[in-house]
Enquirer: 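Sharing a structure with you now.
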Amino acid sequence: MSDEHRETGTGWPQPVEPVRPAGEPDPRPDAPDADELSPLVPGEPSREEQPAESGDDGGATVNLAEVASVEPSAAGPAGRRVSSAAVMIAALLALLGFTLVVQLKTTSTDPTLAATRQEDLVRIFSDLDSREKRLQQDIEGLEDSQRQLRSGEQGRQAALEEATKRADELGILAGTLPARGPGLAVRFEPGGKPIRADRVLDAVQELRGAGAEAMQISGGDRASARIIASTYFLDGAGDVLVVDGRPLTGPYTITVIGDPETMRTALNIPGGVAASVRGDGGNVSVEDREVAEVSALHAPLKLEHARPVS
């Protein structure tokens, strides 16, 4: 190669601009203005360094080297993609900035936290976390206690109901509470002989054996006595029956609560109470009652020797 050619990076010679006469314009469309390419006179400042013409406002020096040239905008799909990505990045940055501003405004309302060091903030957060765990444990303990109390309350309620039921049953058996239910009304009418105490006691025993739960005996004078386990019967003077020290005159009626059919069968067995009374000239009549009422009460016994076993 000649000295007037220089090698490029690929080994090909650099093209040389053709020499044109002075003053002839460059036919290329992107050629610079001829004034810009005018040779510089030694000692004269370049066009970029020449002062601008001063106007009425005093003028100002314009350095053309500092004026940024405007690059042509990207065209085509690549340019649109770049623009969309730029818009999305700008939106995300704006959202992030808004979030930071809101956070800063929120935290800046407390002057104490704003002046707290990072180590102190970490300790405060740790204390809050520990307090939250303790409060959660307290809540769980209270809920467990509530469940236990509810369970205990239900147990106590069930025990109270069972105790009340048991007390009512014992009160009926002891004769301290009135009772009502299906049963019989057994009437003893004397004949030629008075109704003896042993006949009435046999009838009471047979009724108990047949499942009688509550009984009372009434006389012709409408006096009544409750029949319990400790009740005794005695023959009084004349046609009088003594029940627990209370005299009753005939005819006598025993009102009993229990299964009517079973008790009727027990009274009418051969050789039983009904047959014995009829043999003495008397009569025994049995009447079913859908609701038999035992209203006579027995005074509670005062225990002198018996004590409950603890």
Side-chain angles (χ1 to χ4, degrees), residues 167-306:
D168 293 341
E169 293 176 353
L170 292 177
I172 292 174
L173 293 176
T176 58
L177 293 177
R180 61 186 304 175
L184 297 176
V186 183
R187 181 179 178 86
F188 295 86
E189 298 177 355
K193 299 179 180 178
I195 304 296
R196 299 197 311 265
D198 58 344
R199 302 300 185 194
V200 177
L201 180 59
D202 291 341
V204 170
Q205 296 293 356
E206 289 181 0
L207 289 172
R208 283 175 177 168
E213 297 175 355
M215 289 182 286
Q216 72 178 24
I217 185 170
S218 303
D221 54 358
R222 297 184 179 277
S224 301
R226 186 70 172 263
I227 299 175
I228 60 174
S230 60
T231 299
Y232 61 90
F233 300 91
L234 297 175
D235 292 324
D239 193 14
V240 175
L241 177 67
V242 179
V243 180
D244 283 342
R246 177 177 298 181
L248 302 177
T249 59
Y252 312 107
T253 302
I254 297 178
T255 304
V256 55
I257 296 176
D259 182 24
E261 188 66 26
T262 303
M263 293 186 296
R264 178 191 293 274
T265 302
L267 291 174
N268 292 322
I269 60 175
V273 175
S276 299
V277 172
R278 292 188 182 99
D280 293 337
N283 186 32
V284 177
S285 61
V286 181
E287 180 183 354
D288 290 352
R289 295 283 179 87
E290 292 182 359
V291 180
E293 294 187 1
V294 176
S295 57
L297 300 180
H298 192 280
L301 296 176
K302 183 179 181 180
L303 302 177
E304 297 181 358
H305 306 286

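We count residues from 1, following the sequence as given. Since we're looking at a predicted model, the values are computed, not measured.
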Enquirer: Looking at every non-hydrogen atom in both residues, tell me the closest pair between Pro247 and Val240 and how far apart they are.
Expert: CB-CG1, 3.7 Å
Enquirer: Of all heavy-atom pairs between Pro178 and Leu297, which one has the smallest distance, and what is that distance?
Expert: N-CD2, 3.6 Å
Enquirer: Which side-chain hydrogen bond (donor to acceptor under 3.5 Å, both in side chains) pairs, counting each pair once, include a residue from residues 228-243, with sequence neighbours left out?
Expert: Thr231-Asp244
Enquirer: Can you tell me how far the OG1 atom of Thr265 sits from the CD atom of Glu206, to the nearest 0.5 Å?
Expert: 11.5 Å
Enquirer: Show the nearest heavy-atom pair for residues Gly219 and Tyr252, with the distance to one decimal.
Expert: CA-CD2, 4.3 Å
Enquirer: Please check: side-chain N/O of Arg226 versus main-chain N/O of Ala296, any donor-acceptor pairing under 3.5 Å?
Expert: yes
Enquirer: Kindly indicate whether the side chain of Leu267, heavy atoms from C-beta on, has any atom under 4.5 Å from the side chain of Val186.
Expert: yes
Enquirer: Mind checking the NE2-CG spacing from His305 to Leu303? Nearest 0.5 Å is all I need.
Expert: 10.0 Å
Enquirer: Between atom CD1 of Ile172 and atom CZ of Arg180, what is the distance when rounded to the nearest 0.5 Å?
Expert: 12.0 Å
Enquirer: Using the side chain to side chain contact (heavy atoms under 4.5 Å, CB included) rule, take Val200 and Ile254 through it: C-alpha gap first, then chi angles, then the decisive distance, then the call.
Expert: CA-CA 9 Å; Val200 177; Ile254 297 178; 4.3 Å; yes
Enquirer: Looking at Pro251 and Arg187, what are the two nearest heavy atoms and their distance?
Expert: CG-NH2, 3.1 Å
Enquirer: Got more than 12 heavy atoms from elsewhere within 6.0 Å of CZ, Arg246?
Expert: no
Enquirer: Any non-hydrogen side-chain atom of Val273 less than 4.5 Å from a side-chain atom of Leu207?
Expert: no
Enquirer: Heavy atoms only: give me the nearest Gln216-Ser218 pair and the separation to one decimal.
Expert: NE2-OG, 4.1 Å
Enquirer: Side chains of His298 and Thr176: does their closest heavy-atom pair fall under 4.5 Å?
Expert: no
Enquirer: For the atom pair CD1 (Ile227) and CD1 (Ile217), what is the distance rounded to the nearest 0.5 Å?
Expert: 5.0 Å
Enquirer: According to side chain to side chain contact (heavy atoms under 4.5 Å, CB included), who are the partners of Leu173, at least two apart in sequence or on a separate chain?
Expert: none
Enquirer: Using the side chain to side chain contact (heavy atoms under 4.5 Å, CB included) criterion, which residues pair with Leu201? Sequence neighbours excluded.
Expert: Gln205, Phe233
Enquirer: Does Met215 form a side chain to side chain contact (heavy atoms under 4.5 Å, CB included) with Thr255? I'd like the steps, not just the answer.
Expert: CA-CA 6 Å; Met215 289 182 286; Thr255 304; over 6 Å; no
Enquirer: Side chains of Thr253 and Glu287: closer than 4.5 Å at any heavy-atom pair?
Expert: no
Enquirer: Give the minimum heavy-atom separation between Asn283 and Val277, together with the two atoms involved.
Expert: N-CG1, 3.7 Å
Enquirer: Are the side chains of Leu241 and Ile195 in touch, meaning some heavy atoms are under 4.5 Å apart?
Expert: no
